[in-house]
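Residues take their numbers from the sequence shown, with the count starting at 1.
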Amino acid sequence: MKASAPKRIMLLGAASVMALAGCQEEQAEIVVFDDPATCEASGVDAETCEAQYAEAQAEHEETAPRYDALAVCEAEHGEGACIEDESRPSIFMPLMAGFLMGQLLSGRGFASRAMVPAAGSGFATTDGGTRASSLSGRGNVAASSLTTQATSTRNAAPLTRSSVARSGGFGASRTGGFRAGG
C-alpha cells in the first residue's frame with residue numbers, strides 16, 4: 001500500500017500543473033502609439049484612432065498618479081515629463097505620452113489605456129501595471145489589462161516623497177510588461 005503513495009503524489013502534482021496551465025490568463029495583442037496620427041498611419045481607421053485616444057485621455061485625467069511636488073513627480077517620471085494638474089493647482093502629474101490599444105477578446109471593439117513616462121526609460125499605464133520600452137510597436141499583455149482601469153486619483157491625496165519611498169516608486173509592485181518593437 002505504501003508503494004502506491006508516490007504514484008498518487010505524482011498524479012496529484014501532474015494534475016495541479018495541468019490545472020494551473022489551464023488557468024493562465026488569455027493574452028491580447030496590443031499596439032502602442034504616441035498619437036492618433038501614428039495610429040491612423042498604421043492602417044487603423046481615423047475614427048477608431050480618435051475614439052481610442054480620447055478614451056485614453058479620459059483615463060489619464062482620472063487615474064494618472066498625482067504628486068505634491070514637481071520634484072517628486074519628475075523623480076518618478078523623468079525631468080520635464082510632469083505638468084501641473086489643471087483642476088488642482090500645486091499638484092503635479094505625468095504627461096500622457098501615448099496610448100496602447102488592443103482589440104477586446106469578445107471581438108466587440110477596442111480598448112485603450114493611457115501611457116505615461118517611467119523614470120529611467122520606457123512608458124507605463126497610469127497604474128504602472130503594463131510597461132513598454134517605446135511608443136511604437138506591438139506586444140502581448142494579459143487581456144484583463146485592457147479592461148481593468150486604474151483607481152481614480154482625481155481627488156485622492158497626492159503622493160509625497162515619503163509615500164513614494166514606502167511604496168518603492170511608481171509601478172514598483174507591478175510586473176506586467178512587454179517590449180514594443182517595430
Side-chain angles (χ1 to χ4, degrees), residues 19-67 73 76-78 81-83 85 87 93-156 159 164 167-182:
L20 287 175
C23 291
Q24 286 184 352
E25 186 169 355
E26 291 189 53
Q27 296 288 298
E29 184 177 348
I30 59 155
V31 184
V32 181
F33 302 109
D34 57 353
D35 59 28
T38 55
C39 176
E40 189 177 349
S42 76
V44 179
D45 69 274
E47 187 176 317
T48 299
C49 292
E50 290 292 337
Q52 294 308 300
Y53 185 74
E55 184 179 305
Q57 281 182 310
E59 179 203 22
H60 177 262
E61 284 297 317
E62 188 66 32
T63 67
R66 271 42 177 212
Y67 301 90
C73 184
E76 295 302 302
H77 300 281
C82 296
I83 57 171
D85 183 343
S87 64
M93 59 195 277
L95 293 162
M96 183 173 131
F99 65 110
L100 64 80
M101 183 173 94
Q103 187 159 17
L104 297 172
L105 292 177
S106 62
R108 294 182 301 199
F110 294 91
S112 61
R113 299 285 310 272
M115 299 294 284
V116 298
S121 66
F123 304 89
T125 52
T126 58
D127 62 0
T130 301
R131 295 184 175 262
S133 59
S134 71
L135 290 176
S136 65
R138 297 178 180 278
N140 290 305
V141 297
S144 65
S145 67
L146 288 174
T147 56
T148 303
Q149 190 174 37
T151 304
S152 176
T153 60
R154 184 179 296 271
N155 296 312
L159 298 168
V164 168
S167 70
F170 174 69
S173 65
R174 310 300 183 170
T175 58
F178 69 97
R179 184 168 208 82

One pair to check against side-chain contact (heavy atoms from CB on, under 4.5 Å): C39 and Q52. What are the steps and the verdict? CA-CA 10 Å; C39 176; Q52 294 308 300; over 6 Å; no
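Atom SG of C73 is separated from atom CG of L95 by 8.0 Å, given to the nearest 0.5 angstrom. Considering OG1 of T130 and CG of L146, their distance stands at 8.0 Å, rounded to 0.5 Å. Atoms CD and CD1, on Q103 and I30 in that order, are 13.5 Å from each other to the nearest 0.5 Å.
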Identify every side-chain donor-acceptor pair in residues 114-123 under 3.5 Å, counting partners at least two apart or on other chains, and give the distances.
none

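Residues S145 and T125 fail the side-chain proximity criterion, which asks for heavy atoms closer than 4.5 Å. With contacts defined as side-chain heavy-atom distances shorter than 4.5 Å, the pair D127/T63 does not qualify.
For residues 29-39, the set of pairs meeting the salt bridge (charged side-chain N to carboxylate O under 4.0 Å, His left out) definition, not counting sequence neighbours, comprises E29-R138. For residues 46-66, every residue pair satisfying the salt bridge (charged side-chain N to carboxylate O under 4.0 Å, His left out) rule, not counting sequence neighbours, is listed here: E59-R113, E62-R154, R66-D85. For residues 143-152, there are no salt bridge (charged side-chain N to carboxylate O under 4.0 Å, His left out) pairs, not counting sequence neighbours.
Here the side chain of E76 pairs a donor or acceptor atom with the backbone of F170 at under 3.5 angstrom. A donor-acceptor pair under 3.5 Å is absent between the side-chain atoms of H60 and the main chain of A97, judged by distance alone. Side chain of E26 to main chain of A143: no donor-acceptor pair is present (N/O by atom type, distance under 3.5 Å, no hydrogens or angles).
Taking Y67 as the reference, H77 meet the ring pair (Phe, Tyr, Trp, His ring centres under 6.0 Å) condition, with sequence neighbours excluded. When the side chain to side chain donor-acceptor pair (under 3.5 Å) test is applied to D45, the partners found at least two apart in sequence or on another chain are T48.
Nearest heavy-atom pair across S134 and V32 is O-CG1, 3.7 Å. Considering all non-hydrogen atoms of both residues, G98 and L135 come closest at CA-CD2, 4.2 Å.
Note: F99 and F33 have tilted aromatic rings, judged against thresholds of 30 and 60 degrees for the angle between ring planes.
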